[in-house]
Every structure is written in C-alpha cells, then in structure tokens.
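Below is one structure, written out as structure tokens; comments come after it.
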Protein chains: 2
Amino acid sequence: MQTMKENMLQFENACREQGLKITHQRVEVFKAIHKAKDHPSVEEIYAIVNRRIPSISLDTVYRTVDTFEKLGLVSRFQAPDGRFRFDTNIDIHQHLVCTKCGRIEDIHWDGLDRLKVPSVGGWSDLVLASVEIKGLCEACRKKN
Amino acid sequence: MQTMKENMLQFENACREQGLKITHQRVEVFKAIHKAKDHPSVEEIYAIVNRRIPSISLDTVYRTVDTFEKLGLVSRFQAPDGRFRFDTNIDIHQHLVCTKCGRIEDIHWDGLDRLKVPSVGGWSDLVLASVEIKGLCEACRKKN
DNA sequence: AATTTATTAGGAACAATTCTTATTACCGAA
DNA sequence: TTCGGTAATAAGAATTGTTCCTAATAAATT
C-alpha cells in the first residue's frame with residue numbers, strides 16, 4: 001500500500017521519463033482516480049476534477065486517462081454498460097459485476113493465478129487480460 | 001456439431017415457444033451469425049444480411065440480435081474496441097483477442113472449468129461471465 | 001381471404017468518444 | 001526570473017455505435 005505522496009512521486013517520475021509535462025490537469029486527474037475506489041468512468045472523473053478545475057474539459061480527461069494508461073499508471077476496462085472504467089490497480093483484472101445495478105468490485109481469485117494460460121497454435125505473447133464474474137451484490141439482493 | 005438445417009429447426013421452435021413471428025429478417029440474421037465464424041459485429045451482420053434483404057434496416061439487426069440473445073440462441077460480448085460482437089457458441093466465453101488487429105478467437109481453457117468461482121461476502125449467484133486473453137495472432141506476428 | 005397484432009424501415013435522437021483549432025501554460029534556456 | 005518554443009488544453013463540432021419513434025408492412029390466426 002502506497003501513500004498518496006509516494007504515488008505522486010511515481011507519477012511525476014513517469015512523466016519526466018517520457019518527457020511529458022506535469023500539468024495541473026494531469027495532477028488532478030491522477031489524484032481523482034487514485035482516491036476513487038469505485039472504478040470511475042470518464043464522466044465521473046470529470047465531475048470530481050471539475051470541482052478543483054472548473055474550466056477543465058471532458059476531452060482533457062479522455063486524453064489524460066489515455067496517456068496514463070500508456071504509461072502504465074492506470075488500467076482501463078469496459079463495463080458491461082459499454083463505458084470505459086479506470087482503476088489504479090494495474091495488476092488485478094478480476095471483477096465482480098452486479099447484474100442489477102452494474103456495480104463493480106475488484107476481487108482476487110485464488111487458484112486462477114496458479115493456472116497457466118493455455119498455449120494456442122499460431123498465437124504468441126498470451127496474457128490473461130480480464131476476468132468478469134457476474135452476480136448479485138448485497139444491496140440488490142436485499143431489495144428483493 | 002449441428003447442421004444448418006438442425007439449427008434452423010431449433011431456431012424456429014424457440015420462436016414458436018415464445019410466440020415470436022418467424023420473419024424473413026430474423027431468418028437471415030440467424031443464418032448470417034451462424035455462418036460467420038469471426039464474432040461479427042452488428043455492422044458486419046447488417047452488411048451480410050443486406051445482400052439478401054437490401055431494404056433491411058440497421059435497427060432491425062440490433063433488435064433481432066437482442067431478441068436472439070434473450071432466447072439464448074446467441075451470446076453477446078463486448079470487444080475491446082467497445083462494440084458488441086455475437087457468437088452462436090453460447091457456452092464458451094473465453095476469448096483470445098489480438099492486441100494488434102483486434103481479431104477474436106474462441107478458445108477452450110482446460111482447467112478453468114474445474115476451478116470453482118470464488119465466493120465473496122455479500123454477493124450471490126456468482127457465475128463466470130467472460131475471460132479475455134490478449135496476445136498476438138499469427139498474421140500479425142508474421143507482419144513484424 | 002380478412003383480421004389482428006407483432007414487426008419492420010427509416011430516420012431522428014442519444015450517448016460515449018474522438019477530432020479540430022485557436023489559445024494557454026509548462027519548462028528549459030538565457 | 002523572464003522568455004520563447006512547443007506540448008497541452010478548452011470548447012465545441014464531428015463521429016460512431018446504439019436506441020427510440022412512428023407510420024407502414026407482413027406473419028399467423030380465423
């Protein structure tokens with residue numbers, strides 16, 4: 001577990017290495033994603049950052065989040081509703097998705113790690129990219 | 001492995017059971033998905049069916065494909081490019097995705113079947129929904 | 001064949017994302 | 001510290017994928 005200060009340093013170093021400018025916008029977007037625990041969408045990140053930089057444009061959030069993904073600072077995946085969602089956890093790509101409300105939660109599936117990704121004729125560099133498990137979350141189950 | 005004739009019978013029976021009309025459009029969309037082996041998108045299905053029914057609208061393909069999914073005749077998933085793709089194979093949800101060209105291939109991951117989906121506090125009815133493995137397909141590897 | 005009712009075509013509407021262009025601001029050099 | 005070159009940004013237009021709306025059409029039932 002890293003502190004926010006450590007995260008910021010890591011972020012700034014990654015930018016310098018790549019010759020990217022450390023802009024106000026990038027700093028705030030980075031912080032917003034790191035603080036949010038619920039896999040925010042671009043729209044949600046925008047709403048958060050907008051409170052600190054009212055002039056920021058949605059497009060900037062899109063571009064910034066793209067940049068961060070290329071730097072390996074965040075991971076991106078598609079929720080079943082079709083929107084991109086972002087995560088500072090770039091290792092775990094196993095998600096629980098509620099079939100009712102769409103809520104997404106990270107999980108760690110013990111045993112899956114130990115399983116070797118199968119080799120398939122012709123294909124190379126195979127890497128397990130994402131695992132999605134569907135179910136009913138606590139809140140939705142209680143509603144019934 | 002089923003013949004197309006068997007598939008058509010299964011399709012027609014499923015429609016009758018649900019009180020759905022067996023329209024020209026539905027028949028052609030069904031055939032198109034079954035013949036295509038490459039997880040066609042709506043746009044691609046439309047292009048194929050359009051050759052047989054030039055007047056068909058894109059919206060009809062969307063609706064039809066929705067209907068088929070509800071009947072359990074096809075499965076739908078999201079490609080990394082964000083578009084829906086369809087598959088007549090409704091059992092296997094393990095896909096290889098080429099990081100270069102986006103090509104998608106079904107695979108069967110032996111061993112994954114035997115793994116029990118983990119139980120997570122609060123959540124219920126958990127079902128493994130999809131597994132995505134990224135890599136480089138043969139064609140793209142040869143290009144390098 | 002006529003009637004009923006689901007389905008369709010066509011285009012408008014919508015939502016998420018990307019593109020365009022003039023303006024701004026980061027950062028290295030003076 | 002100030003300045004200039006250049007990457008990054010704001011704003012909104014454009015694009016893409018999908019869904020909605022309505023009058024017209026065509027399955028299935030009689």
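Convention: sequence-line order gives letters A, B, ...; per-chain numbering from 1. Because only heavy atoms are used, hydrogens play no part in the values below, and waters and symmetry mates are left out as well, while side chains stay in.
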Under a 3.5 Å cutoff, is there a donor and acceptor pairing between the side chains of A:Thr64 and A:Thr67? no
Just call it for B:Leu58: base, sugar-phosphate, or nothing, with non-hydrogen atoms closer than 4.0 Å on any strand. base
Assert: residue with more 5' nearest nucleotide on DNA chain D, out of B:Phe84 and B:Ile22, is B:Phe84
Establish, with yes or no, whether the OP1 or OP2 oxygen of C:dA15 is under 4.0 angstrom from a side-chain nitrogen or oxygen of A:Arg83. no
Between D:dA10 and A:Gln25, is there an OP1 or OP2 to side-chain N/O distance shorter than 4.0 Å? yes
Compare side-chain N and O positions of B:Thr23 against OP1 and OP2 of D:dA26 and report whether any pair is under 4.0 Å apart. no
Ignoring hydrogens and geometry beyond distance, is a side-chain donor-acceptor pair present between A:Asp87 and A:His93 at under 3.5 Å? no
Starting from P on D:dA8, measure out to CG on A:Asp66 and report it in whole angstrom. 13 Å
Between CD of B:Glu28 and P of C:dT7 the distance, given in whole Å, is 18 Å
Atom CZ of B:Arg63 and atom P of D:dT25: how far apart are they, to the nearest Å? 16 Å
Among D:dC21, C:dT8, C:dC26, find the nucleotide with the atom closest to the side chain of B:Asp59. D:dC21
Which residue, A:Lys21 or A:Gln78, contacts DNA chain C at a nucleotide closer to its 5' end, judged by nearest heavy atom? A:Gln78
Pairwise 5' ranking along DNA chain D for B:Arg76 and B:Arg16, keeping only the more 5' one: B:Arg76
N or O in side chain of B:Thr60 less than 4.0 angstrom from C:dA9 OP1/OP2: yes
Flag the pair B:Lys31 / B:Phe11 as yes when at least one side-chain heavy-atom distance between them is below 4.5 Å, and no otherwise. no
Spacing between B:Asn50 atom CG and C:dT8 atom P, to the nearest angstrom: 15 Å
From OH of B:Tyr46 over to C1' of C:dG10, roughly how many Å is that when rounded to an integer? 10 Å
Just how far, in rounded Å, is P of C:dA16 from CD1 of A:Ile45? 14 Å
For the residue pair A:Phe77 and A:His39, does the interplanar ring angle fall in the parallel (under 30°), tilted (30 to 60°) or perpendicular (over 60°) class? perpendicular
Checking D:dA28, D:dT9, C:dA9 against the side chain of A:Arg26 (C-beta onward), the nearest is D:dT9
Between B:Lys70 (NZ) and C:dT7 (P), how many Å, whole number? 11 Å
Any B:Tyr62 side-chain N or O less than 4.0 Å from OP1/OP2 of D:dT18: yes
Here the distance between atom C1' of D:dA27 and atom CD of B:Gln18, to the nearest Å, is 17 Å
Hey, does the side chain of B:Glu44 reach the backbone of B:Ser41 with a donor-acceptor pair shorter than 3.5 angstrom? yes
Which nucleotide sits closest to the side chain of B:Leu20: C:dT7, C:dT8, C:dT18? C:dT7
